[in-house]
Amino acid sequence: VDLYNAVIKAHIHNSQPSQAFAVFLQMQYCGVLPDNLTYPYLLKACSDESRLNYLRMIHTHIEKNGFNSDIIVCNSLIDAYSKCGNIGICSAKQLFWVMGQRDVVSWNSMISGLLKAGDSVEARKLFDKMPERDRVSWNTILDGYVKAREMNVAFELFEKMPSRDVVSWSTMISGYCKAGDMEMARMLFDKMPSKNVVSWTIIITGYAEKGLVKEAIGLYTQLEEANLSLDAGTFVSVLAACAESGMLGLGKRVHRTIKRSTFSRNTLVCNALIDMYAKCGSLTKAFIVFKKTRKKDLVSWNSMIHGFAVHGHGRRALDLFSKMKCQGFVPDKVTILGILSACSHAGFIDEGISIFNALQRDYGVSPEVQHYGCLIDLLGRGGRLKEAFALALSMPVEPN
RNA sequence: ACCAAAUUUUUAGAUUUA
């Protein structure tokens with residue numbers, strides 16, 4: 001069972017949940033009984049509405065094998081359910097109130113789940129009601145206010161909470177960045193007693209999103225000198241901000257850092273690079289990174305297709321579209337948007353229409369307002385104004 | 001010094017969207 005657990009854990013760690021489930025099935029097939037460590041690992045992979053059925057299956061297993069009295073297994077269940085949308089949150093509540101004993105993690109998980117579901121009133125009630133609070137409890141409720149854009153309430157809480165750790169400070173800084181108050185964010189950043197890679201990422205991303213080049217580059221330089229070990233999140237986050245504000249200079253610097261590290265093989269990081277170069281108008285570089293990305297995922301293809309599309313390279317976008325299908329990737333609604341946009345910008349009117357007409361049949365994608373908008377744009381650009389207008393009036397979705 | 005071992009659940013940053 002230890003070996004199976006180790007393999008399951010490794011798959012989860014490498015974001016390969018399907019393989020983790022496969023191992024789980026295999027261990028049952030071989031007659032090895034899961035233990036109290038197996039379930040929390042698996043449940044980590046179910047924290048997504050699309051896996052609600054897996055979650056229910058594992059839950060049933062847990063009940064059947066009598067692990068529902070294990071408080072850690074139970075807490076894992078609450079956490080997983082509470083991240084599965086509005087249906088999940090009901091099951092989480094039920095479990096929470098039914099379980100024999102609750103520890104501080106149970107309360108924290110439930111509160112965090114409620115906040116994620118947007119029920120801050122209920123979350124606050126639980127926070128006030130819980131018998132004891134630890135740092136996670138305070139940080140969770142603090143983040144709730146920050147995410148709700150209630151920075152004044154958050155600040156009051158921040159000042160009166162019993163102790164502040166690097167997570168509390170980072171939460172506040174992130175909130176001020178999102179609110180556009182970079183002065184306050186910077187003041188807290190300078191003042192915080194110890195910084196880690198996340199705090200640096202938040203503040204640099206904040207500056208970069210706003211196009212404040214000097215500050216962003218200055219702090220990035222300091223970060224590199226600080227000798228912290230950077231993670232993929234830092235690169236992805238800063239690159240996304242560069243893409244948004246067109247900061248090619250900083251983007252290139254980050255790329256240089258990545259080249260010197262092992263992150264050049266990280267798909268998430270490569271995707272962020274592709275998008276950054278494409279958004280900054282450097283399609284050639286974007287394509288070079290794309291080709292060098294060894295384990296491409298759907299996002300890699302989507303980013304590159306979209307890059308070609310918005311720069312008017314309709315043919316290249318469509319070529320890439322065929323290629324991805326040949327390699328067994330299933331296009332999703334984002335891919336389709338890129339493709340429709342490519343057809344629109346390159347004047348491939350009929351091609352665009354026929355792709356649109358077969359969306360459901362060929363790709364299982366049901367057209368949303370963005371797709372209709374794109375098609376109307378396509379017709380309009382193609383000079384077929386009457387059809388464009390007729391479509392806008394007759395489409396089965398609410399116009400925006 | 002080398003080697004080895006080491007994180008079961010909850011909180012902060014996170015790629016593609018007309």
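By convention in this document, chain letters (A, B, ...) are assigned in the order of the sequence lines, proteins followed by strands, and residues within each chain are numbered from 1.
Within residues 185-203 of chain A, the residues approached by RNA chain B to less than 4.0 Å at the level of any non-hydrogen atom are Asn196(A), Val198(A), Thr201(A), Ile202(A), in residue-number order.
Stretches of at least 3 consecutive Watson-Crick or G-U wobble pairs, with each checked distance under 3.5 Å, do not appear in RNA chain B at all.
In this structure, a donor-acceptor pair under 3.5 Å is present between the side chains of Ser106(A) and Asp103(A). Judged purely by distance below 3.5 Å, without hydrogens or angles, the side chains of Asp332(A) and Thr335(A) pair a donor atom with an acceptor atom. Between the side chains of His255(A) and Tyr277(A), at least one donor-acceptor pair of N or O atoms lies under 3.5 Å.
When hydrophobic residues (I, L, V, M, F, W, Y) are linked wherever their side-chain heavy atoms come within less than 4.5 Å, the members clustered with Leu393(A) are Phe389(A).
In this structure, Arg265(A) places its CZ atom where only 12 or fewer heavy-atom neighbours from other residues, nucleotides or ligands lie under 6.0 Å away. Within a 6.0 Å radius of CZ in Arg124(A), other residues, nucleotides and ligands contribute more than 12 heavy atoms. Atom CD of Glu156(A) is surrounded by 12 or fewer heavy atoms from other residues, nucleotides or ligands within 6.0 Å.
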Worked verdict on Cys374(A) versus Gln370(A) for side chain to side chain contact (heavy atoms under 4.5 Å, CB included): CA-CA 6 Å; Cys374(A) 217; Gln370(A) 295 149 307; over 6 Å; no
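Residue Thr140(A) is in sugar-phosphate contact alone, with no base atom involved, counting any heavy-atom pair closer than 4.0 Å across all strands shown. Base engagement by Thr234(A) is indicated by at least one non-hydrogen atom pair under 4.0 Å involving a base atom. Residue-level contact check: Asp231(A) touches the bases, meaning some heavy atom is under 4.0 Å from a base atom. Among the atoms of the strands shown, none is found under 4.0 Å from any heavy atom of Lys296(A).
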Exercise answer: donor-acceptor pairs, residues 348-355 of chain A side-chain atoms, under 3.5 Å, sequence neighbours excluded:
residue, atom, partner, partner atom, Å
Asp350(A), OD1, Arg384(A), NH1, 3.2
Ser354(A), OG, Asp350(A), O, 3.4
Ser354(A), OG, Glu351(A), O, 3.1

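Dashed line: the shortest gap from a side-chain N or O of Lys147(A) to OP1 or OP2 of rG13(B) is under 4.0 Å. In this structure, Lys44(A) reaches the rU9(B) phosphate: one of its side-chain N or O atoms is under 4.0 Å from OP1 or OP2.
Of the charged side-chain nitrogens involved, none lies within less than 4.0 Å of a carboxylate oxygen, so that Lys210(A) and Glu215(A) do not count as a salt-bridged pair.
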For nucleotides 16-18 of chain B, print each protein N/O atom paired with a nucleotide N/O atom at under 3.5 Å, atom names and distance only.
residue, atom, partner, partner atom, Å
rU16(B), O4', Ser303(A), OG, 3.2
rU16(B), O2, Asn302(A), ND2, 2.8
rU17(B), OP1, Lys279(A), NZ, 3.2
rA18(B), OP1, His306(A), NE2, 2.9
rA18(B), N3, Gln370(A), O, 3.4

Could I get a table of every N or O pair under 3.5 Å where one atom is in the protein and the other is in nucleotides 3-5 of chain B?
none

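Note: CG (Leu115(A)) to P (rA12(B)) measures 10 Å, nearest angstrom.
Two rings, from His11(A) and Tyr41(A), have their centers 6.0 Å or more apart. Aromatic pair Trp200(A)/Phe189(A): ring centres closer than 6.0 Å.
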